[in-house]
Amino acid sequence: MPDTTRHLTLANGLQLTLRHAPRLKRSAAALRVHAGSHDAPRQWPGLAHFLEHLFFLGTARFPLEDGLMRYVQALGGQVNASTRERTTDFFFEVPPAALGGGLERLCQMLAEPDLGIERQAREREVIHAEFIAWSRNAQAQQQFALLQAVAGDHPLVGFHAGNRYSLAIRNTGFQHALNGFHQRFYRSGQITLSLCGPQPLDELEQLARQLTGAFATGAALTQAQPPALSTNEPLLFAHQALPYGAEQALELLLAGLADNRPGSWLNALQQHGWLKAFKAEPLYGFAGQLLWHIDLKLHPQADREEALRLLHGWFGFIRQANPDPLNQAFALLQQRRERSASALELARRDSAGQPFVALDGQAMAALQALLEQLPCLDHGQWQLPAAEPLLLDDLPNARAVAMPHALNTCALLPPTRQYAALHLRWQVPSALGQGLHTVLERSLLPLQARCEHASVQLQFSTLGEHWQLRCTGHPAAVVRAVEYALAALRSPNEWQPPEQEGPALIPIRALINQLPDAVHGTQPAPSPTSPLEPSRLAAAWQNSHWHGLATGFDASALQGLAAVLQNCPGQAASPTPAPHWQGQRWHHAKLAGSENALLLFCPLPAAQQACGRLLAQLLQGPVYQRLRVELQLGYAVFSAFRQVEGLGGLLFGVQSPHASHGEILGHLHALLSQGVNLDSNAQQALAEQFDEAAMANAEVAEWAWQTHLATQPADLPALQRSILMIRQADLDALLAHLLGADRTWLCLANAAAPDASWH
């Protein structure tokens, strides 16, 4: 059943967009305030971002422990906010029954915030920690440097992150500006609210009317017009005086740029052997201005000037092409994107006025205006690619063959969800597989780009001796993508190793990426420095053993998958036992970045994992309150229950600019020693999260895969029953086990162990 939408303006001036999407399992709200960092006084950089942070610290009606963040996290949902140049967005996703509670908290915290000076002082330190991380992040600094290419006094060239020095909270002028900004912009006429979920439109409308009355009534304000926007950077494109619909038109253009099939610009670069990496993204859009950038990385032997001429030639071709086929192809892409999007993605798109639709007449006119402002040449040979097979819903005819016995099928995710997942894992002898993964990963890059374009997720990873392929998305697209991927894995099109790594992640994110290797007790495989021989790959496949799991496929899709897997390299086998160890193990990861980062993983036996999940849920609020709010260790603080390589356990993460690894561990130990009290409401809410109808499809697929690796049954009702049977004594016993002398801990950190108790 297709989505239905409704647009209306409430009596107080608030703009409302409602979306009824029956296929969704969750509901979401996205609230956009039409004011951002460029609307704040220039003498107080970071004021808008600072205010966004202060909203989440609780109000008189909903204090921190019952505020939006705790409320959503307790339900297993998502919540966040983002301050942009001319907008500030707040958004969350929860089970449908909880949408009203989340919206009430969101509206209250924005309309009636507590801006007390002491909480400002605490949160300013969090902002400063973010600023330090931002200033040390190479990727963030590259983008900041890129914006310096904007000519004139456009606010894009300014500093807007905020830090301890720009946020002069003891200055009466700053306080006047902070409160004035809130009173001026956080009122009904400046707000666009989007609600999305499986609920009927009338129910969504009733919620909005009931709960948005907290905002002060006020007409929409005219935001100050920016100065002229221009740049001389060849891959940074600035546009002026574009008509309405320009941002949607740019999306179509970027979709064409991202296409790497024959006839496209990217394909021309690939045919020359020049392309290393490509990314095109919008950076700014307001009042008829657009700024967007192509991040293009070419091999050293590439002719960069010719690559630019080819780009301008492609622009010229698109300018002269019939726009109708372009828009038809874009409509197919947008349809797949809409059907694959979560409630949160849909709500955010709606609140931004950019739903997943083809261009209408106004946007088509904006496309032509946009193309007129681009450099164009008559250069190169171009064609519009045929329809992308990954966007087609039907499956090619496949001969009837038996499914390989190494592939298990799981019925946990019904085919009616139109979301399927396939996991394939090979165990490759390390002596044969060393360095080959990098070659295979590189060979898959063009296909991964196509998959991402078509809302299919294709990942290829290495974990010690294991190679893993994961593909999720529309069932027909997964079958086609896996067919293409297996062909690339058997016969890579390039054997040269990559020349350099991508941009460094912040330490805590890099640790999360290395966690599976740490669980196995291995270091990430080094990249090869010289070409590898095809004979090594043939030997590696010949001596490898594979197994896998498929879920979400109907009978016809499984038939197509069985035919594709006849070409799966390696020998069919069964899952290997999950890794295990005794005592405290320390894994030192050598990473870029100067801040201390630490992950503490406490795996639990299968019989204790239901209790572990409840314990993690009850600890989430206290960990955040103690480590981030009270101790202000840093802005990157989290705790959760995680399944890693078939092992389930508690995971704590902290990145701090000043606390040592030993101090972080001490704070965690002290917090666990305080114990927790059983909360029956939290217990019931947690159990309800493990109903397939309430879980995101990706979460169901990942849970099925992790239970497959653990050789445990994928029985969600049994997990729910186990959670509901937990008593206070069970929580106390588990905490005692976690703190006992025989505990099993894994610490992954960017430094050596602080003492000899770790091995």
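Heavy-atom basis, side chains included; hydrogens, waters and symmetry copies ignored.
- Comment: E699 engages R26 in a salt bridge, judged by a side-chain N to carboxylate O separation of less than 4.0 angstrom.
- Each of H437, H423, H466 was checked for a ring pair (Phe, Tyr, Trp, His ring centres under 6.0 Å) with F460, and the lone residue meeting it is H437.
- Residues D732 and Q728 bring a donor and an acceptor atom of their side chains to less than 3.5 Å of each other.
- For the pair L24 and C196, the tightest heavy-atom approach, listed with the atom from each and the gap, is CD1-SG, 3.6 Å.
- With salt bridges taken as basic N to acidic carboxylate O contacts below 4.0 Å, none links E345 and R337.
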Using residues 601-614 as the side-chain source, report each donor-acceptor pair under 3.5 Å to any protein atom, sequence neighbours left out, with the distance given to one decimal.
from, atom 1, to, atom 2, distance (Å)
Q609, NE2, L604, O, 3.2
R613, NH2, Q643, OE1, 3.4

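- Inter-residue side-chain proximity for D691 and L716 is flagged as unmet; no heavy-atom pair is nearer than 4.5 Å.
- A side-chain donor from one of S757 and Q584 sits under 3.5 Å from a side-chain acceptor of the other.
- Under the ring-ring contact (aromatic ring centres under 6.0 Å, His included) criterion, the residue pairs touching residues 89-110 are F55-F90, with sequence neighbours excluded.
- Between N596 and H658, the side chains place no donor N or O within less than 3.5 Å of an acceptor N or O (distance only, hydrogens not considered).
- Between K25 and A696 the shortest heavy-atom distance is NZ-C, 4.3 Å.
- S594 pairs by the side chain to side chain donor-acceptor pair (under 3.5 Å) definition with R136, not counting sequence neighbours.
- Just one of T88, D350, D89 meets the side-chain hydrogen bond (donor to acceptor under 3.5 Å, both in side chains) condition when paired with R32; it is D89.
- Taking all atoms of both residues into account, the shortest heavy-atom contact from E93 to A343 is OE2-N, 3.4 Å.
- Although no hydrogens or angles enter the test, the distance criterion places a donor-acceptor pair under 3.5 Å between the side chain of N750 and the main chain of A597.
- Ring orientation note: the planes of H182 and Y186 are close to parallel, at an angle under 30° on the 30°/60° scale.
- For the pair G100 and L207, the tightest heavy-atom approach, listed with the atom from each and the gap, is CA-CD2, 3.8 Å.
- The salt bridge (charged side-chain N to carboxylate O under 4.0 Å, His left out) analysis of residues 615-638, with sequence neighbours excluded, yields the pairs E123-R628, R626-E630.
- Donor-acceptor pairing under 3.5 Å is recorded for the side chains of E702 and Q706.
- Interatomic distance, CZ of R349 versus CG of L346, reported as 9.0 Å (0.5 Å rounding).
- Closest of all the heavy-atom pairs between L735 and L672 is CD2-O, 3.7 Å.
- One distance of note links CD of E441 with CH2 of W467; it measures 11.5 Å at 0.5 Å rounding.
- Pairing each heavy atom of L549 with each of H708, the nearest pair is CD2-CB, 4.0 Å.
- Under a 3.5 Å cut-off, the side chain of T551 and the backbone N or O of C410 do form a donor-acceptor pair.
- Taking the six-membered ring where the residue is Trp, F144 and W134 present perpendicular rings, their angle passing 60° and hence far from 30°.
- The ring-ring contact (aromatic ring centres under 6.0 Å, His included) pairs that include a residue from residues 740-759 are W586-W758, where partners are two or more places apart or lie in different chains.
- Distance check, rounded to the nearest 0.5 Å: CZ of R470 to OG1 of T472 gives 4.5 Å.
- Put simply, the residue from L167, N163, I132, L54 that forms a side chain to side chain contact (heavy atoms under 4.5 Å, CB included) with I127 is L167.
- Environment of NE2 in H580: sparse, with no more than 12 heavy atoms of neighbouring residues, nucleotides or ligands closer than 6.0 Å.
- Side-chain atoms of E688 and Q684 include a donor-acceptor pair closer than 3.5 Å.
- Pairs passing the salt bridge (charged side-chain N to carboxylate O under 4.0 Å, His left out) check and including a residue from residues 97-114, sequence neighbours excluded, read R61-E104, D66-R105, D114-R119.
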